There are 2 protein chains.
Amino acid sequence: MRVSAKADYAVRAAAELAAAEEGPIKGGRLAEAQDIPLQFLEHILLELKHHGIVRARRGAKGGYWLARPADEVTIADVVRAVEGPIAHVQSSPPEAIEYRGNAEHLQEVWIAVRASLRSVLEEVTLADLVSGEMPSVVTDLAATPDAWAAR
Amino acid sequence: MRVSAKADYAVRAAAELAAAEEGPIKGGRLAEAQDIPLQFLEHILLELKHHGIVRARRGAKGGYWLARPADEVTIADVVRAVEGPIAHVQSSPPEAIEYRGNAEHLQEVWIAVRASLRSVLEEVTLADLVSGEMPSVVTDLAATPDAWAAR
DNA sequence: ACTTTCCTGACCTTCTTGGTCAGGAGTGCG
DNA sequence: CGCACTCCTGACCAAGAAGGTCAGGAAAGT
């Protein structure tokens, strides 16, 4: 139930790409802008490329850029590319699990958990993230009492 | 962003305890009812005990029972007991992270993610789970289009 | 006393996390 | 052409977590 460093890095790098006005951006610049170890970041960017989130060119004047417009890439896309499916239980998707006895309805709970994660992650685009103008689902949730408090 | 076997097991065992009419229930019976390796389950139950979710007595006629009424124990309580804080990013709570550059607003997203998880996990009690009568937040989410579909 | 059941720590194997290192391959420029 | 620059790729690595198992000790009941 935690967000890995890899996913966090991937979203941050994608945000930098989304904000770029023009031309390919070098890995080194992304690493510096977001304070991410360069060699680790390159592996992450490669995964993003394999998943069609990002494109790249080598050589001088090379670098990375988004494969699609920033308002068509969601945070869920980026997270899935590096972390795999969201909200799996015991490495299986919740709809594939069969519960017995008094835990029978647990499946519905995990389905709801996944749906609630999706309702946030699939709603926020990289363009939203960069502009700071979040969809209402985010501002509403962030405004709930204790949303910023530890538990 | 996944649910561990341990958390899944813990909730299922807690559901069995919540459904128990009377008296302590033996670990062996829980393990059998939910098909969980007994020795692993005992470690989990011990953690639940240390977190005040469960109580126990040894010896013949011994076993485990809930420390509080089933409608006062949420799934979030159980999950936190065995997995630690929900929705940490890079092992830190989202409110403690400072983002730079174009990722500045990412913090709000992770806060919203945590709030959305809480809105489900803190709302469902063990009593709800056993009865199958879920709070509306769960039924609403489970009824959204594609909630049961993979991505 | 003796059985039952919880309690605890040690241990184990495999996988994941969060990286680093070394080198190969494509691109652009002089 | 040659060279510098940058991405691309696989190998490796240390530490920790995941998902258990094993052996024994300590309370409770009969």
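Please read all numbers here as calculations on a predicted model, not as lab measurements. Within every chain, numbering begins at 1; the chains are lettered A, B, ... in the order of the sequence lines, protein sequences first and strands thereafter.
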Participant: Taking A:Trp65 for its side chain and A:Val54 for its backbone only, find out whether a donor-acceptor pair lies under 3.5 Å.
Facilitator: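 Checking the backbone N and O of A:Val54 against the side chain of A:Trp65, no donor-acceptor pair under 3.5 Å is found.
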Participant: For a quick check of understanding: with a heavy-atom distance under 4.0 Å over all strands, which category does B:Gly27 fall into, base, sugar-phosphate or nothing?
Facilitator: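 Sugar-phosphate, no base atom in range.
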Participant: In residues 39-49 of chain A, which ones come under 4.0 Å of DNA chain C, going by heavy atoms?
Facilitator: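 Residues of residues 39-49 of chain A that come under 4.0 Å of DNA chain C are, in numerical order, A:Gln39, A:Phe40, A:His43.
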Participant: More than 12 non-hydrogen atoms from neighbouring residues, nucleotides or ligands closer than 6.0 Å to CD on A:Glu32, yes or no?
Facilitator: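 No, CD of A:Glu32 has 12 or fewer neighbouring heavy atoms, counting only those of other groups under 6.0 Å.
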Participant: Can you tell me if CD on A:Glu133 sees more than 12 non-hydrogen neighbours from other groups inside 6.0 Å?
Facilitator: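 Atom CD in A:Glu133 is not packed in, count stays at 12 or less.
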Participant: Mind calculating the distance between CZ (A:Arg29) and C1' (D:dC7) to the nearest angstrom?
Facilitator: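 In whole Å, D:dC7 C1' and A:Arg29 CZ are 16 Å from each other.
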Participant: So for atom CZ, which belongs to A:Arg55, do other residues, nucleotides or ligands contribute more than 12 heavy atoms lying within a distance under 6.0 Å?
Facilitator: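 No.
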Participant: Donor-acceptor pair, distance only, cut-off 3.5 Å: does the side chain of B:Glu108 make one with the backbone of A:Val138?
Facilitator: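 No; zero donor-acceptor contacts below 3.5 Å.
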Participant: Is any side-chain N or O of A:Lys26 closer than 4.0 Å to OP1 or OP2 of D:dT6?
Facilitator: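 Looking at the OP1 and OP2 atoms of D:dT6, one of them is under 4.0 Å from a side-chain N or O of A:Lys26.
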Participant: Grab the CD1-P distance between B:Ile36 and D:dG19 for me, whole Å please.
Facilitator: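 About 13 Å, once rounded to whole Å.
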Participant: Hey, is the main chain of A:Gln34 close enough, under 3.5 Å, to the side chain of A:Arg12 for a donor-acceptor pair?
Facilitator: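 Yes; at least one donor-acceptor contact below 3.5 Å.
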Participant: Please check this pair: side chain of A:Glu42 against backbone of A:Gly27, looking for a donor-acceptor N/O pair closer than 3.5 Å.
Facilitator: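 Not a single qualifying donor-acceptor pair exists.
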Participant: Do NZ/NE/NH1/NH2 and the carboxylate oxygens of B:Arg118 and B:Glu123 come within less than 4.0 Å?
Facilitator: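 Here B:Arg118 does not pair with B:Glu123 in a salt bridge, since their nearest N and O are not under 4.0 Å apart.
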Participant: Among all residues two or more places apart in sequence or in another chain, which pass the side-chain contact (heavy atoms from CB on, under 4.5 Å) test with B:Ala147?
Facilitator: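 Here the qualifying residues are A:Ile111, A:Ala115, B:Thr144.
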Participant: On DNA chain C, which is the earliest and which the latest nucleotide, 5' to 3', with an atom closer than 4.0 Å to a heavy atom of chain B?
Facilitator: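 On DNA chain C, the outermost contacted nucleotides are C:dT4 to C:dA10.
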Participant: Going by side-chain hydrogen bond (donor to acceptor under 3.5 Å, both in side chains), name the residues that satisfy it together with A:Glu47, two or more places apart in sequence or in a different chain.
Facilitator: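 A:Glu47 satisfies side-chain hydrogen bond (donor to acceptor under 3.5 Å, both in side chains) with A:Lys6 only.
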Participant: Pairs counted only when both distances fall under 3.5 Å, Watson-Crick or G-U: show me the 5' to 3' dot-bracket for DNA chain C, [ ] for pseudoknotted crossings and | for other-strand partners.
Facilitator: ||||||||||||||||||||||||||||||
Participant: Between C1' on D:dT6 and CG on A:Leu38, what's the gap in Å once rounded to a whole number?
Facilitator: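 Interatomic distance, CG of A:Leu38 to C1' of D:dT6: 10 Å.
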Participant: With a sphere of 6.0 Å drawn around CZ of B:Arg29, does it hold more than 12 non-hydrogen atoms of other residues, nucleotides or ligands?
Facilitator: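 Incorrect, the count does not exceed 12.
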Participant: Sub-3.5 Å donor-acceptor pair from the side chain of A:Asp140 to the main-chain atoms of A:Val137, do we have one?
Facilitator: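 It does not hold such a pair.
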Participant: Using a heavy-atom distance cut-off of less than 4.0 Å, which residues of residues 56-64 of chain B contact DNA chain C?
Facilitator: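 Residues of residues 56-64 of chain B under 4.0 Å from DNA chain C: B:Ala56, B:Arg57, B:Arg58, B:Gly59, B:Ala60, B:Gly63, B:Tyr64.
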Participant: Relative to the 5' end of DNA chain C, which residue comes earlier, B:Arg55 or A:Tyr9, by the nucleotide with the nearest heavy atom?
Facilitator: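 Result of the comparison: B:Arg55.
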Participant: Can you see which heavy atom on A:Arg114 is nearest to which on A:Pro94, and at what distance?
Facilitator: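 So the two residues come closest at NH1-CD, 3.6 Å.
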